Amino acid sequence: MRLSRFFLPLLKENPAEAQIVSHRLMLRTGMIRQEAAGIYAWLPLGLKVLKKIEKIVEEEMTRAGAIQLLMPTLQLADLWRESGRYEDYGQEMLRIKDRHEREMLYGPTNEEMITEIFRGTVRSYKDLPLNLFHIQWKFRDEQRPRFGVMRGREFLMKDAYSFDIDEASARKAYNRMFAAYLNTFSRMGLKAVPMRADTGPIGGDLSHEFIILAETGESAVFCHKDLVDMPAPGNDVDWDNLEGVFQERTALYAATEEMHDPEAFAKIPEDKQLSARGIEVGHIFYFGEKYSKPMRAVVNGPDGEITVHMGSYGVGVSRLLGAIIEASHDEAGIIWPESVAPFEVAIINLRQGDTACDAACEKAYKALTAAGRDVLYHDSDERAGAKFAAMDLIGVPWQLIIGPKGLADGQVEIKNRATGERLTVPFDEALAQLSKA
RNA sequence: CGGGGCGUAGCGCAGCCUGGUAGCGCGCCUGCUUCGGGAGCAGGAGGCCGGAGGUUCGAAUCCUCUCGCCCCGACCA
């Protein structure tokens, strides 16, 4: 992409309404634009990152055996009356009437609807286990939206729902999501710590939140330090037997504020006690028959009717952008992990209009693009300093810097955004190096 | 939902107390110079002062109502 053809409305100054760094940077880099409290338009740069995150989530869910579908944003109130949650949910639920005065709602989550889909289509225990997920916009009419996309009213969420014949099998489904989440967040360059969590209004007795440690996190969290750097289990795991992975990650103390047990925490060796703030990016629940029973989600088993055991598993997809930025930025701007960066390489032409510079940049742009890299060519006639600042701000992982002085000797520079390291190398070598994914 | 605050140019703000028809910085446009970390000079465009009523000869400024947004707290993917 040539910057001159892209839509990238950068802001030099910080908008007054943004208090935390991720919100400020998302506004300044032109990723989002607020349209109402907690409601954002996704501008091209933000959308590119959102899509990359979405794709990683899809891939890891698929790897863990979940099947993707897509449910609507609008739901009938009657469906929620079946579970009793239409009354329970309160003001957070956005209620709407259609032209026929039918009561509807903008979905804050989809347990009822997925249960309805399941009970209407699945008849036999032989079709289980089953895990269905979708990635859809949701709306919760928060009393006080804040922190940009971290706590918006409209947000993009991945939610998966598992169906099993009994608790033992459901716990295996739970463990699969548990492992998948560790892999998912790891791919985004995040260190996510699973913590025992309150099940809240969704109910159930087994639940973990996946927490990213960040100073600006919304809640206080407490855990054993060793959990933070524990590597993700990876793809080479036995998806039917993950109890070991689960035990390994849950043996050490880790809890959010609501579930915090100061006594248990005090038993951790003092140098391993970690008291910090965290951002919740995922939440998994096992809730058994909470919805399947009142909504009659049953299958035929060998010995008669079985009420299915369910779990649900959420990932805050749009929230993850904020979380990643909170975890990865410096004074100059965002430092995107390569897996989710909006562009992989930025070409900075230090002397736009100079024949040699223009030609070299064009050649590099074509070569890298042909090699499959997502390249942003800063081809405006701004001064060098402005270009550096802009590319640092939007956080492209690699910068290919081409200027008249170096070019006279056939040299260009490669800069790593994360480390700040610069390497002067021959033009062809730079292309070869940056062509590698 | 309790408490506080703010709406004036694309962004950041001053002006309001003590009414006289709007200003600064950044950005934007033109030109010249400059050209390796957000350039300099000169010229220029852009605002029914969130909206509606009212008071007044006259309202960004005073009064009433309304809408929107932000912050602290309680609540939450």
Side-chain angles (χ1 to χ4, degrees), chain A residues 9-20 23-24 27-28 30 33-39 57 89-93 107-111 135-160 181 197-202 207-212 218-219 256-258 278-285 312-320 322-323 331-333 348-354 357 378 380-393 399 401-408 411-413 415 420 422 424:
Chain A
L10 298 179
L11 260 37
K12 206 163 178 177
E13 285 171 286
N14 282 322
E17 76 264 22
Q19 298 299 309
I20 66 168
H23 191 194
R24 279 204 297 270
L27 291 169
R28 283 195 56 199
R33 188 177 164 80
Q34 180 166 318
E35 296 300 335
I39 298 176
V57 172
Y89 224 94
Q91 293 288 99
E92 267 196 15
M93 181 183 277
T109 179
N110 288 68
E111 278 84 5
I135 298 178
Q136 178 63 289
W137 291 94
K138 305 222 173 347
F139 196 91
R140 292 183 192 171
D141 201 355
E142 297 281 346
Q143 293 175 11
R144 192 186 157 204
R146 63 184 124 168
F147 303 149
V149 299
M150 298 250 284
R151 180 83 185 278
R153 290 195 291 174
E154 188 183 47
F155 56 97
L156 187 63
M157 186 173 168
K158 184 285 300 180
D159 39 327
Y181 275 30
D198 192 12
T199 52
I202 295 183
S207 173
H208 285 86
E209 286 183 12
F210 287 74
I211 301 287
I212 306 301
E218 283 198 87
S219 49
T256 57
E257 206 165 10
E258 315 83 67
I279 301 165
E280 179 186 353
V281 289
H283 201 159
I284 61 179
F285 300 90
S312 78
Y313 316 90
V315 168
V317 175
S318 48
R319 167 180 284 190
L320 271 166
E331 321 73 51
I348 297 181
N349 187 344
L350 293 180
R351 189 72 64 83
Q352 205 75 36
D354 177 271
C357 285
H378 198 144
S380 78
D381 59 2
E382 276 175 88
R383 295 162 61 89
K387 291 189 179 184
F388 286 131
M391 293 303 99
D392 283 351
L393 179 65
Q399 294 174 9
I401 302 162
I402 300 180
K405 289 175 196 161
L407 213 51
Q411 305 281 109
V412 295
E413 260 182 277
K415 177 182 157 187
R422 293 155 164 270
T424 302

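Letters A, B, ... mirror the listed sequences (proteins, then strands); counts begin at 1. Quantities reported herein were computed from a predicted structural model and do not represent experimental measurements.
Note on Gly152(A): a base of the nucleic acid sits closer than 4.0 angstrom, heavy atoms only. Residue contacts shown for Ala384(A) are limited to sugar-phosphate atoms, with no base heavy atom under 4.0 Å away. Across all strands, Gly403(A) comes closer than 4.0 Å to base atoms (heavy-atom distances). Contacts of Gln352(A) with the nucleic acid, taken as non-hydrogen atoms under 4.0 Å apart, are absent. Note on Ala36(A): only backbone sugar-phosphate atoms sit closer than 4.0 angstrom, heavy atoms only; bases stay farther off. Contacts of Leu11(A) with the nucleic acid, taken as non-hydrogen atoms under 4.0 Å apart, are absent. At a threshold of 4.0 angstrom between heavy atoms, the contacts of Gly282(A) with the nucleic acid are absent. If you check every strand for non-hydrogen atoms under 4.0 Å, Lys158(A) touches nothing.
Among rC35(B), rG37(B), rC72(B), the nucleotide with an atom closest to any side-chain atom of Arg422(A) is rG37(B). Taking the side chain of Glu218(A) as heavy atoms from C-beta on, and the options rC76(B), rA39(B), rC11(B), the nearest nucleotide is rC76(B). Side-chain atoms of Arg383(A) lie closest to rA39(B) of the nucleotides rA39(B), rG37(B), rG73(B). Proximity note for Pro15(A) (side chain, C-beta onward) versus rC11(B), rC75(B), rC69(B): the nearest is rC11(B).
Rounding to whole angstrom units, CD of residue Gln143(A) and P of rG3(B) are separated by 14 Å. In this structure, the CZ atom of Arg153(A) is 14 Å from the C1' atom of rC70(B), given to the nearest Å. Residue Gln91(A) contributes atom CD, which lies 12 Å from atom P of rG2(B) at whole-angstrom precision. The interatomic distance linking Arg146(A) (CZ) with rC75(B) (P) rounds to 11 Å, in whole Å. The distance between atom CZ of Phe147(A) and atom P of rC69(B), rounded to the nearest whole Å, is 17 Å. When rounded to the nearest whole Å, the span between NE2 of His378(A) and P of rG37(B) equals 15 Å. For Phe388(A) and rG38(B), the CZ to P distance is 10 Å, given to the nearest whole Å. One interatomic measurement links the two molecules: CD of Glu258(A) to P of rC75(B), which rounds to 9 Å at whole-angstrom precision.
If you take atom C1' in rG38(B) and the same atom in rC71(B), they sit 30 Å apart, rounded to whole Å. Distance noted for atom C1' between rG12(B) and rC28(B): 16 Å (whole Å). Annotation: rA9(B) and rG3(B) have their C1' atoms spaced 33 Å apart (nearest Å). Taking the P atoms as reference points, rG37(B) lies 34 Å from rA45(B), given to the whole Å. rU18(B) and rC11(B): their P atoms are spaced 31 Å apart (whole Å). Going from the C1' atom of rU56(B) to that of rG40(B) covers 49 Å, rounded to whole Å. With both ends at atom P, the span from rG20(B) to rC49(B) equals 15 Å, rounded to whole Å. The gap from the C1' atom of rA52(B) to that of rG2(B) amounts to 28 Å, rounded to the nearest Å.
Here rC69(B) sits opposite rG5(B) as a Watson-Crick or G-U wobble pair (both hydrogen-bonding atom distances under 3.5 Å). Using Watson-Crick or G-U wobble geometry with both donor-acceptor distances under 3.5 Å, rC48(B) finds no partner in any strand shown. Under the Watson-Crick or G-U wobble criterion, with both distances below 3.5 Å, rU56(B) is left unpaired in every strand shown. Using the Watson-Crick or G-U wobble rule with both distances under 3.5 Å, rU18(B) pairs with nothing in any strand shown. Of the nucleotides present, rC26(B) is the one that pairs with rG10(B) by Watson-Crick or G-U wobble criteria, both distances under 3.5 Å. Pairing for rU34(B) is absent, judged as Watson-Crick or G-U wobble with the two contacts each under 3.5 Å. A 3.5 Å limit on both hydrogen-bonding distances identifies no Watson-Crick or G-U partner for rC75(B).
Remark on RNA chain B: of its neighbouring residues Arg33(A) and Phe155(A), the 5'-side contact belongs to Arg33(A), judged by nearest-heavy-atom nucleotide. Looking at which nucleotide of RNA chain B each of Glu17(A) and Glu209(A) is closest to, the 5′-most match is held by Glu17(A).
Note: Arg24(A) CZ to Gln19(A) CD = 8.0 Å, rounded to the nearest 0.5 Å.
Between Arg144(A) and rC71(B), a side-chain N or O to OP1/OP2 separation shorter than 4.0 Å is present. For the pair Gln34(A) and rC70(B), the criterion of a side-chain N or O lying under 4.0 Å from OP1 or OP2 is met. Contact between the side-chain N/O atoms of Arg351(A) and the OP1/OP2 oxygens of rC35(B) is not found at any separation under 4.0 Å.
Here the shortest heavy-atom pairing between His378(A) and Ala390(A) reads CE1-CB, 4.1 Å. Minimum interatomic distance between Gln399(A) and Asp392(A) (heavy atoms only, all atoms of both residues): NE2-OD1, 2.7 Å. Considering all non-hydrogen atoms of both residues, Pro108(A) and Lys138(A) come closest at O-CD, 3.3 Å. Annotation for Gly38(A) and Pro145(A): closest pair CA-CB, 3.8 Å, computed over non-hydrogen atoms. Between Val149(A) and Gly322(A), the shortest heavy-atom distance links the atoms CG2-N, 4.0 Å. Closest non-hydrogen pair, Glu209(A) versus Glu258(A), comes out as OE2-OE1, 4.1 Å.
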Scan nucleotides 22-30 of chain B against the protein and return all N/O pairs shorter than 3.5 Å with their distances rounded to 0.1 Å.
unit_1, atom_1, unit_2, atom_2, d
rG25(B), N2, Glu13(A), OE1, 2.8
rG27(B), OP1, Lys12(A), NZ, 3.2

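For the pair Phe388(A) and Lys415(A), the minimum side-chain heavy-atom distance is 4.5 Å or more. With a 4.5 Å cut-off on side-chain heavy atoms, Arg351(A) and Leu407(A) do not count as touching. Between Met157(A) and Arg140(A) there is a side-chain heavy-atom pair separated by less than 4.5 Å.
Evaluation of atom-type donor-acceptor distances gives a pair under 3.5 Å for the side chain of Arg28(A) against the base of rG38(B). Between the base of rG12(B) and the side chain of Asn14(A) there is no donor-acceptor pair shorter than 3.5 Å. With hydrogens and angles left out, the side chain of Arg151(A) and the base of rC75(B) share a donor-acceptor pair within 3.5 Å.
More than 12 heavy atoms of other residues, nucleotides or ligands shown are found within 6.0 angstrom of CZ on Arg422(A).
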